[in-house]
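Note that this is a predicted model, so its numbers are computed, not measured. Here is the naming used below: chain letters follow the sequence lines, and residue numbers restart at 1 for every chain.
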Amino acid sequence: MPELPEVETIACGVDERLRGDRIIQAWFSRHPRLFKTPAKNQSEGLAGRTLLGAHRTGKHIVCELGSASGPGAGDRIRRASVPEAQWIVHLGMTGRLLVTTPESPVESHTHARLCLASGRELRFVDPRRFGRLEFRDLRREAGFSGPGAEPLSIGPEAFAALFHGRQLPIKAALLNQTLLAGVGNIYADESLFHAGIRPRRQAGRLSRTEMERLRLALREVLEHAIRLGGSSVSDYVDANGVRGFFQLEHCVYRRTGEPCRRCQTPIRRILLAGRGTHYCPQCQH
DNA sequence: CATTTCACCTGGTGGC
DNA sequence: TGCCACCAGGTGAAAT
């Protein structure tokens with residue numbers, strides 16, 4: 001479900017609402033594939049820790065956690081401000097993070113329930129179970145960082161270098177998380193439309209001008225989508241249960257046969273890299 | 001190594 | 001209403 005703008009919205013929501021709260025205990029479902037760190041280790045690792053903050057890296061939500069010392073520890077305030085662990089959430093295709101209370105009915109496909117000192121509960125719900133949950137003890141392992149570049153901050157040279165010499169279609173390159181982190185199917189199609197580039201063009205054969213058009217289009221599309229709270233294609237909601245509105249601005253994604261917003265030509269759909277791919281045959285070359 | 005395909009899952013939609 | 005085929009915001013392993 002979620003790409004960079006949706007993940008950014010959710011991570012910010014979690015940060016604003018839960019920063020400073022403490023995890024009393026954590027419960028997890030019994031679907032081992034969901035857990036990059038075994039569920040038992042996650043429960044033990046999370047219990048008692050303060051949530052110092054949450055942010056996004058690529059499509060991952062990273063929760064920074066303080067020490068697990070109990071409320072009686074004398075130096076807990078100083079120590080609590082230094083991250084000692086991380087809880088890393090990837091939402092996969094259908095994952096959601098919800099802030100609720102223990103009393104609110106537990107939906108089916110709920111895989112994590114974090115009971116918080118404030119009396120609230122943070123839940124992870126994921127019907128298709130493509131999501132991943134991971135715990136890192138920073139005293140024993142490095143903090144999370146994906147290999148891909150951040151599309152919002154990458155400069156012209158580095159962006160062009162990503163695609164140099166590559167023969168795969170530009171859309172496949174945009175989706176490759178080890179090149180750029182956070183771009184998914186919606187924003188790949190939308191940014192290629194705004195840059196006027198066909199999705200099947202070979203990545204390494206784009207002109208310098210086209211590369212720069214694409215870099216700027218990608219950044220503008222992502223920033224615009226973040227301002228609108230992301231795209232709600234089916235049931236996506238942020239941590240407050242609020243839907244995004246960027247789907248109203250989609251120019252090509254899931255608009256097969258509908259008139260292009262710029263030239264009225266019907267939007268075309270093809271299959272590329274196994275994904276539905278949408279473009280305007282008139283505006284994109 | 002670079003690139004493509006497919007399995008992993010459940011649920012919604014639309015045709016018959 | 002039921003059944004079925006097809007589609008879906010993502011990845012990572014296996015095949016080519």
How long is the line joining [atom1] of [X] and [atom2] of [N], in whole Å?
X: A:I270; N: C:dC7; atom1: CD1; atom2: P; value: 14 Å
X: A:F35; N: B:dC9; atom1: CZ; atom2: P; value: 14 Å
X: A:R33; N: C:dG12; atom1: CZ; atom2: P; value: 12 Å
X: A:Q202; N: B:dT4; atom1: CD; atom2: C1'; value: 14 Å
X: A:F163; N: B:dA2; atom1: CZ; atom2: C1'; value: 15 Å
X: A:L271; N: C:dC6; atom1: CG; atom2: C1'; value: 12 Å
X: A:N176; N: B:dT3; atom1: CG; atom2: P; value: 9 Å
X: A:L175; N: C:dT11; atom1: CG; atom2: P; value: 9 Å

message = Give me the distance, rounded to whole Å, that separates B:dT5 from C:dC7 when you measure between the P atoms they each carry.
response =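 To the nearest whole Å, 16 Å.
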key: Neighbour count above 12 (heavy atom, 6.0 Å) for A:E249 CD   =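 Buried by this count: over 12 neighbours within 6.0 Å.
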With the side chain counted from C-beta on, respond yes when [X] and [Y] share a heavy-atom pair under 4.5 Å apart, and no when they do not.
X: A:K59; Y: A:H90; answer: yes
X: A:K36; Y: A:L133; answer: no
X: A:N41; Y: A:F135; answer: no
X: A:T277; Y: A:K171; answer: yes

Is [X] near enough to [N] that one of its side-chain N or O atoms lies under 4.0 angstrom from OP1 or OP2?
X: A:K59; N: C:dG9; result: no
X: A:Y253; N: C:dG9; result: yes
X: A:Q177; N: C:dG10; result: no
X: A:R275; N: C:dG9; result: yes

Candidate nucleotides [options], ranked by approach to the side chain of [X] - the nearest:
X: A:R166; options: B:dT3, C:dG9, B:dT10; answer: B:dT3
X: A:H109; options: C:dA8, C:dT11, B:dG11; answer: B:dG11
X: A:L168; options: B:dT4, C:dG9, B:dC9; answer: B:dT4
X: A:H90; options: C:dG9, B:dT3, C:dT11; answer: C:dT11
X: A:R254; options: B:dA2, C:dA8, C:dG10; answer: C:dA8

request  = Under 4.0 Å between any heavy atoms, over every strand shown, what does A:G274 touch: base, sugar-phosphate, or nothing? Just pick one.
outcome  = nothing
Ring-face cation contact, A:F193 with A:R262, 6.0 Å cut, 45° max = yes
query = When rounded to the nearest 0.5 angstrom, what is the spacing between CG in A:L51 and CG in A:L114?
reply =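 Nearest 0.5 Å value for the CG-CG distance: 8.5 Å.
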request  = Can you measure from CG (A:D21) to CG (A:L52) and round to the nearest 0.5 angstrom?
outcome  =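 A:D21 CG to A:L52 CG: 11.5 Å, rounded to 0.5 Å.
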request  = Kindly state whether the pair A:F130 / B:dC8 counts as stacked, where counting means centroids closer than 5.5 Å and planes tilted less than 30° apart.
outcome  = yes
message = For B:dC9, does the base pair up with any side-chain atom of A:R128 as donor and acceptor (N or O, under 3.5 Å, distance only)?
response = yes
request  = Please work out the stems of DNA chain C from pairs that are Watson-Crick or G-U wobble with both distances under 3.5 Å, keeping only runs of three or more consecutive pairs.
outcome  =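 Runs of three or more consecutive pairs: B:2-8 with C:10-16, B:10-16 with C:2-8.
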